[in-house]
Protein chains: 2
Amino acid sequence: MSRPTMPDTRVLIVDDHPFMRRGLAQTIKDQPGLSVCGEAGSVTEALQIIESSRPQLAVVDISLGEESGLELIKAIRQKWPDVKVLVSSMHDEMLFAERALRAGALGYVNKGEPPNVFIAALQRVNSGQIYLSDRMTNRMLDHVLTDKGEQIRSPIETLSNRELEVFEMIGKGLATKQIAAKLGLSPKTIETYREHIKQKLNLANSTELTRSAVQWVLEQGRNTSPADGET
Amino acid sequence: MSRPTMPDTRVLIVDDHPFMRRGLAQTIKDQPGLSVCGEAGSVTEALQIIESSRPQLAVVDISLGEESGLELIKAIRQKWPDVKVLVSSMHDEMLFAERALRAGALGYVNKGEPPNVFIAALQRVNSGQIYLSDRMTNRMLDHVLTDKGEQIRSPIETLSNRELEVFEMIGKGLATKQIAAKLGLSPKTIETYREHIKQKLNLANSTELTRSAVQWVLEQGRNTSPADGET
DNA sequence: CGGCCCCTTCAGGGATTCCCCGATGCGGGC
DNA sequence: GCCCGCATCGGGGAATCCCTGAAGGGGCCG
């Protein structure tokens, strides 16, 4: 074919970590046929760039600081259904992969994966197919087939998006009022979420809720080895 | 001026995320006077590279998948005390900055910071000074007043026996009333202890108190199970 | 398409806790 | 003797916790 310029597939990168953006961008640029048309560190920034530069692909981090990548994905799905979204997160895929797909993403890849895996995921999503890790794919199929594979789930997985969001903030030491302010909701609503979380996780009181949340947050960033005590 | 070749300061990057490594490396390379002498994704890999290429600086992520960056820092401190370590983590500095310095790092910078902040931190550490964010510096100075140069003493040691007892029970998930019952005291007394503990540990509210207590109990080593049979 | 269930959001109201204040007694230093 | 820290309680208003209810919306299922 005599096209002088076969246009690259244009990719938007959404991540709140500048270094991660840069690393992703570099890897994408190295790939023939792909180019980076923009970088965003927040939801509003991302929406603006999509508006102006209309990428075919978007690589979206789940946790955008205060904001949630899931919300961004839903917004994209609604306004620009043709923009294909690949979620790249460093969080547990068991918890977020399904939520990501439900929100409208086409794929979920862990940031710990080597670049070739990431690129493969990106190209698969670009072709309109769903990408998940083998383990996650099997797990999802199990859910469908066994109809109630819910029992083997961690109780934390039964939390809704909002509930999980609140749970994480509790674990980071935020009080009810602070969470309400940060999410722009009534403290009463946060109280309700706390109740729901306690029910789902079978926690007796507020102290246990906080304890559980703190523990979970610490495990998310697995680092504290107990070999700390000298003397 | 007169020196024909001013050799670059050589930096090792230790991070389990390939894209983050790449982003960090690129930013460092852009900086005149700095060069990247190696990248590692695990503790053993990092130690090997240090052995072979002897960097002056090491940028270390706290959470290296299963491993702990803190262990790596301790090992570096022991074998190559002249290698200066800057910790770069995406987790809450309130939780990990102090531990990082105790382990032997010279600085802690959040990955969410823009590149210029990161570079400033790196150069400050390179000059042998400690780098922390302003907020964290104030926080540390607030409750740490010891002879400089030696290890920092945990403010938890300033708790009285009763206070420590209560602190531990809080960390195990007990509510105020439960603690009062267990110790045969008035709930009002427990409230007072909670107040005292918050003052001594410089904690703002009840949530932070619980968070701090839970963290401490987890670090103490998990022999005394909190008696929550979650089946 | 009419239920049905879950999610999200909020309110009411009593019980409880939080948080700042003060108070008592008791021991130890100086 | 005096001061200071520790252990122990109380008052009281503000905040929360905890339980209950409820309204709107979306998805699923027969």
Side-chain angles (χ1 to χ4, degrees), chain A residues 67-68 70-71 73-75 77-78 81 95-96 98-104 143-144 147-148 150 153 155-170 173-213, chain B residues 155-171 173-213:
Chain A
E67 306 172 313
S68 167
L70 293 179
E71 293 309 309
I73 296 169
K74 289 178 190 166
R77 202 89 202 120
Q78 200 164 22
L95 282 180
F96 292 106
E98 192 170 337
R99 294 169 209 273
L101 296 198
R102 280 194 203 285
H143 277 191
V144 177
D147 173 62
K148 280 273 180 192
E150 320 271 326
R153 288 181 155 204
I156 291 180
E157 294 181 44
T158 68
L159 297 182
S160 72
N161 291 338
R162 254 323 194 211
E163 287 159 0
L164 189 60
E165 214 169 344
V166 170
F167 188 64
E168 189 170 354
M169 291 191 190
I170 295 172
L174 297 184
T176 298
K177 194 164 54 172
Q178 295 174 312
I179 298 175
K182 194 160 271 189
L183 295 180
L185 296 174
S186 159
K188 275 299 189 182
T189 307
I190 308 303
E191 284 185 26
T192 303
Y193 286 137
R194 291 177 61 108
E195 285 306 307
H196 290 169
I197 296 169
K198 286 196 294 183
Q199 279 175 21
K200 288 186 176 179
L201 303 190
N202 198 29
L203 303 169
N205 52 43
S206 171
T207 319
E208 282 197 356
L209 171 59
T210 307
R211 182 174 69 87
S212 178
Chain B
I156 291 178
E157 294 174 26
T158 69
L159 296 183
S160 73
N161 291 336
R162 256 323 195 206
E163 287 158 0
L164 188 61
E165 211 170 346
V166 170
F167 188 64
E168 190 170 353
M169 292 190 189
I170 295 171
L174 296 184
T176 299
K177 194 163 56 171
Q178 295 175 310
I179 298 175
K182 188 161 276 188
L183 295 179
L185 297 174
S186 159
K188 272 301 189 180
T189 307
I190 309 303
E191 283 186 26
T192 303
Y193 286 137
R194 291 178 62 109
E195 285 307 307
H196 289 169
I197 296 169
K198 284 196 295 184
Q199 279 175 21
K200 289 186 176 179
L201 303 190
N202 198 29
L203 303 168
N205 53 42
S206 171
T207 319
E208 282 197 356
L209 170 60
T210 307
R211 181 170 68 91
S212 177

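In what follows, chains are A, B, ... by sequence order, proteins preceding strands, each numbered from 1. It should be emphasised that the depicted structure is a prediction, and the values quoted were computed from it without experimental measurement.
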From the options [options], select the nucleotide whose nearest atom is closest to the side chain of [X].
X: B/K200; options: C/dT8, C/dT9, D/dC6; result: D/dC6
X: B/S186; options: D/dA7, C/dC10, D/dG10; result: D/dG10
X: A/T176; options: C/dT17, D/dC17, C/dC7; result: D/dC17

Atom [atom1] of [X] and atom [atom2] of [N]: how far apart are they, to the nearest Å?
X: A/N205; N: C/dC18; atom1: CG; atom2: C1'; answer: 15 Å
X: A/R194; N: C/dT17; atom1: CZ; atom2: C1'; answer: 12 Å
X: A/I197; N: C/dT9; atom1: CD1; atom2: P; answer: 12 Å
X: A/R102; N: D/dG27; atom1: CZ; atom2: C1'; answer: 10 Å
X: B/I190; N: C/dT16; atom1: CD1; atom2: P; answer: 17 Å
X: A/L159; N: C/dC6; atom1: CG; atom2: P; answer: 15 Å
X: B/K177; N: C/dT17; atom1: NZ; atom2: C1'; answer: 10 Å

Generate the contact string for nucleotides 19-24 of chain D. Rules: B means base contact, S means sugar-phosphate contact only, - means no protein heavy atom under 4.0 Å.
S-----

Which of these passes side-chain contact (heavy atoms from CB on, under 4.5 Å) with B/T207: A/I179, A/T176, A/T210?
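The residue from A/I179, A/T176, A/T210 that satisfies side-chain contact (heavy atoms from CB on, under 4.5 Å) with B/T207 turns out to be A/T210.
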
Which atom pairs, one a donor and one an acceptor, fall under 3.5 Å between side chains of residues 183-192 of chain B and the rest of the protein, sequence neighbours left out?
from	atom 1	to	atom 2	distance (Å)
B/S186	OG	B/K188	N	3.0
B/T192	OG1	B/K188	O	3.1

Roughly how far, to the nearest 0.5 Å, is the NZ atom of A/K200 from the CG atom of A/L164?
10.0 Å

Can you tell me how far CG of B/L203 sits from CZ of B/R211, rounded to the nearest 0.5 angstrom?
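Rounded to the nearest 0.5 Å, the CZ-CG separation comes to 8.0 Å.
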
Run the side-chain contact (heavy atoms from CB on, under 4.5 Å) test on A/K74 and A/N161 for me, step by step, so that the C-alpha distance in whole Å, both residues' side-chain angles and the decisive distance to 0.1 Å come before the verdict.
CA-CA 13 Å; A/K74 289 178 190 166; A/N161 291 338; 4.1 Å; yes

What does B/T189 touch in the nucleic acid at a heavy-atom separation under 4.0 angstrom: a base, only the sugar-phosphate, or nothing?
base

Just call it for B/S206: base, sugar-phosphate, or nothing, with non-hydrogen atoms closer than 4.0 Å on any strand.
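Counting heavy atoms under 4.0 Å across all strands, the contact made by B/S206 is with sugar-phosphate only.
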
Side chains of A/R102 and A/R99, heavy atoms from C-beta outward: is any pair under 4.5 Å?
no

For D/dT8, does either OP1 or OP2 sit under 4.0 Å from a side-chain N or O belonging to B/Y193?
yes

Look at the side-chain N and O atoms of A/R162 and state whether any lies under 4.0 Å from the OP1 or OP2 oxygen of C/dT9.
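Yes.
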
For B/L159, is there any backbone N or O sitting under 3.5 Å from a side-chain donor or acceptor partner on B/E163?
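Such a contact is absent between B/E163 side chain and B/L159 backbone.
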
